[in-house]
Amino acid sequence: MSAVNTTFLILATILVFSMTPGLAFFYGGLVSKDNVVNTMLSVFILCGLSVVLFIAIGYELSFGPDVEGIIGQVSHFFLSGFDLNSIEDPEMGLSHAIFLAFEMMFAIITPALFVGSIVGRMRFNFLMYFVVFWSVLVYYPMVHMVWTTDGLLASLGVLDFAGGTVVHINAGITALLLSIFLGPRLKRSDEHYNLSWVLLGTAILWIGWYGFNAGSAFGINDVALNAFLTTTVATSVAMLTWMLLEIFLKGKPTLVGVCTGALCGLVGITPGTGYVTNTGAFFIGAICAISSYFFVNNIKPRLKFDDPLDAFGCHGVSGIVGSVLVGAFANHTVNTDVTTNGVFYGGGFKLIGIQLLGTIISILFAAVMVTLIIIILKRFVSMRVSTEDENTGLDFSLHGEKADYQIDDHFKDVSQYSEEFRGQLSRFNKKN
C-alpha cells in the first residue's frame, strides 16, 4: 500500500463528503422559507442512506465481477468476508478500503443533486424509496459501465474522468423526469431564503470539488495537478461568463447568477478535467455557462416542467455539453489514457463521435430506467404531498420544524417581569 497515495485519497474523500452538506446549504438558501428544513434534510439524509446501501450491495454492484458489461455481481453482502485490505489498484498502491470510501462519497452526492428539482412538493418517504431503487437500477450500473474496464461505455472508449455521465448527466436527467412527473408547484416564488447560505454552499462545493476531480487521479501525479488547475480555470471562467451575460442582457449582476455560473463550470469540467489543458478548460467553462444560461433563462420558461433550482439546467445541460467537449479538447500529452486526441489537437472527429455516443446512451439509459421506477413506485407510494401540506410548506407539515423560530405572540411581554430585568430596562425609564 502506498502511504502517500492513500493519504491523498483520504483527504480527497473528506473533501467530496463535504460537498453534500455544502449542497444542503446551497439548495437550502435558494428555496422559500417554508421548505428550507425539508430541502436540507432531503440532501443530508443521503449521507446515511447511501452509505448503508453502498456498503450492503453498492460497491460490488459497481465494481464487482462483470455481468454483460452493465453491472457487477454481489458475493459479499455488507462486505462480509471481503478482504478490504487487499490491493485494489497495484499501480497506485491503493487498498479496497480507501477506494471504496472514495467512491462511496460519489454515491452520496449524486442523488443529492436531483433534490433541487423536487423541492416543496414531494413526499419524503417517496424520495427515500426512490433513491434506493435509483441507486441499484441506475447509479451502480452507470458506474460499472463507465468506470470499470469491462464496462459497456468504457469498452466503447468513452472518457469520463470524474463523473460527467455517471454523476451529472445521470442526476440531471433524473431531475428532469422527476419534475415532469411531479408537475408544477401550486405557487411559484422567486424569493430565496438566505443568499448568504447560497454563497457558503457554493464555496464549500468548489473546495470539495478539488477532491472530486483531483482525487479521481487516485494519487499524487501530474494528472491530479492538471485536474486541480483545470477545475479552477473552468469554474472561474464560467462564473465570469454568467456575470457578463447578466450584465449585458439584464443590466445587473446577481449573486445567485454568479454562484450558478460557478456551479456550471464545476459540472462542465468534471468529465474532462484530467484529460484537457487549461486552454481547453477555459473554453469548456465558457461554453457550459453560456449553454446553461440560455437554457435556464430562455428555453426553460417556454417548457412546462417545473425544476425550481435548475438541477437539470445546471447539471444536465452543463454535464451533457462538458461530456461532448471532451472529444474536442482531450490531449494525449495531458493523460496517456487519451489514445485519440480531440478535434482541436489533430485527432479528427473520432473521439467527439465516441463522446456523443456515450452521452446519448447515458441519457437514454437514465431516462428509461427512471421513468420505469417512477411509474411502478407511484402504484405503491404517493409521490406528491397534499394541496394543504404544499400550501403550508413541507417544513411544518412533514417535519414539524421551521428554519427560523421567533417568539410567539402568546409569550408574555418582558415588561411584566420588570423587577427581574430592572438593570437592563433602567435606561428606558429615564426621562429625557
Side-chain angles (χ1 to χ4, degrees), residues 106 110 142-143 145-149 151-173 209 212-218 222-235 237-238 241 263-292 314-366:
F106 285 69
T110 305
M142 279 295 298
V143 171
M145 286 191 287
V146 176
W147 285 338
T148 64
T149 55
L152 175 63
L153 295 182
S155 300
L156 293 175
V158 175
L159 297 177
D160 184 355
F161 191 79
T165 54
V166 176
V167 177
H168 297 296
I169 293 177
N170 196 358
I173 295 301
W209 225 288
F212 199 89
N213 285 357
S216 293
F218 299 107
D222 292 342
V223 175
L225 294 174
N226 188 84
F228 188 97
L229 290 174
T230 53
T231 298
T232 307
V233 171
T235 308
V237 171
T241 300
L263 184 62
C264 290
L266 290 165
V267 170
I269 194 59
T270 293
T273 184
Y275 301 128
V276 304
T277 64
N278 288 312
T279 301
F282 179 96
F283 287 105
I284 289 173
I287 294 170
C288 286
I290 292 170
S291 302
S292 286
C314 293
H315 298 280
V317 174
S318 287
I320 290 169
V321 173
S323 180
V324 174
L325 288 179
V326 173
F329 296 104
N331 193 324
H332 179 77
T333 61
V334 174
N335 191 327
T336 55
D337 289 343
V338 179
T339 56
T340 302
N341 280 348
V343 172
F344 294 110
Y345 291 93
F349 291 92
K350 179 181 178 181
L351 182 58
I352 202 169
I354 293 173
Q355 290 300 115
L356 184 60
L357 176 62
T359 299
I360 292 172
I361 292 174
S362 300
I363 293 171
L364 292 176
F365 177 78

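Because only heavy atoms are used, hydrogens play no part in the values below, and waters and symmetry mates are left out as well, while side chains stay in.
Every residue two or more places apart in sequence or in another chain was checked for a ring pair (Phe, Tyr, Trp, His ring centres under 6.0 Å) with Phe282, and none qualifies. Take Phe218 and apply the ring pair (Phe, Tyr, Trp, His ring centres under 6.0 Å) test, not counting sequence neighbours, and it matches Phe99, Phe102. Ser291 pairs by the side-chain contact (heavy atoms from CB on, under 4.5 Å) definition with Ile287, Val317, Val321, not counting sequence neighbours. Residues satisfying the side-chain hydrogen bond (donor to acceptor under 3.5 Å, both in side chains) criterion with Asn331, sequence neighbours excluded, are Thr333.
Taking 4.5 Å as the limit, every side-chain heavy atom of Val276 sits out of range of all side-chain heavy atoms of Thr273. Two residues are said to be in side-chain contact when any heavy atoms from C-beta on lie closer than 4.5 Å; His315 and Leu263 meet this criterion. Here the side chains of Ile169 and Ile173 are in contact, with some heavy-atom distance below 4.5 Å. His168 is not listed as a side-chain neighbour of Ser318, based on a closest heavy-atom distance of 4.5 Å or more. With contacts defined as side-chain heavy-atom distances shorter than 4.5 Å, the pair Leu351/Asn341 does not qualify. Annotation: side chain of Ile284 is in contact with side chain of Phe329 (closest heavy-atom distance under 4.5 Å). Counting heavy atoms from C-beta outward, Pro271 and Phe161 have side chains that stay 4.5 Å or more apart. Side-chain atoms of Val334 and Val338, non-hydrogen and from C-beta on, never get closer than 4.5 Å to each other.
Checked against the 6.0 Å centroid threshold, Phe212 and Phe106 count as a close aromatic pair.
The stretch residues 345-365 participates, sequence neighbours left out, in no ring-ring contact (aromatic ring centres under 6.0 Å, His included) pair at all.
The closest donor-acceptor contact from the side chain of Asn170 to the backbone of Val166 lies under 3.5 Å. Between the side chain of Trp147 and the main chain of Asp160, a donor-acceptor pair closer than 3.5 Å is present.
Under 3.5 Å, the side chains of Thr230 and Asn278 contain no donor-acceptor pair of N or O atoms. No donor-acceptor contact under 3.5 angstrom links the side chains of Trp209 and Thr235, judged on distance only.
Atoms OG1 and CD1, from Thr359 and Ile320 in turn, are 7.5 Å apart once rounded to the nearest 0.5 Å. Distance check: Asn226 CG to Asn213 CG gives 10.5 Å after rounding to the nearest 0.5 Å.
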Pairs of donor and acceptor atoms involving the side chains of residues 152-159, under 3.5 Å and at least two apart or interchain, shall be tabulated with distances.
| from | atom 1 | to | atom 2 | distance (Å) |
| --- | --- | --- | --- | --- |
| Ser155 | OG | Gly151 | O | 2.8 |

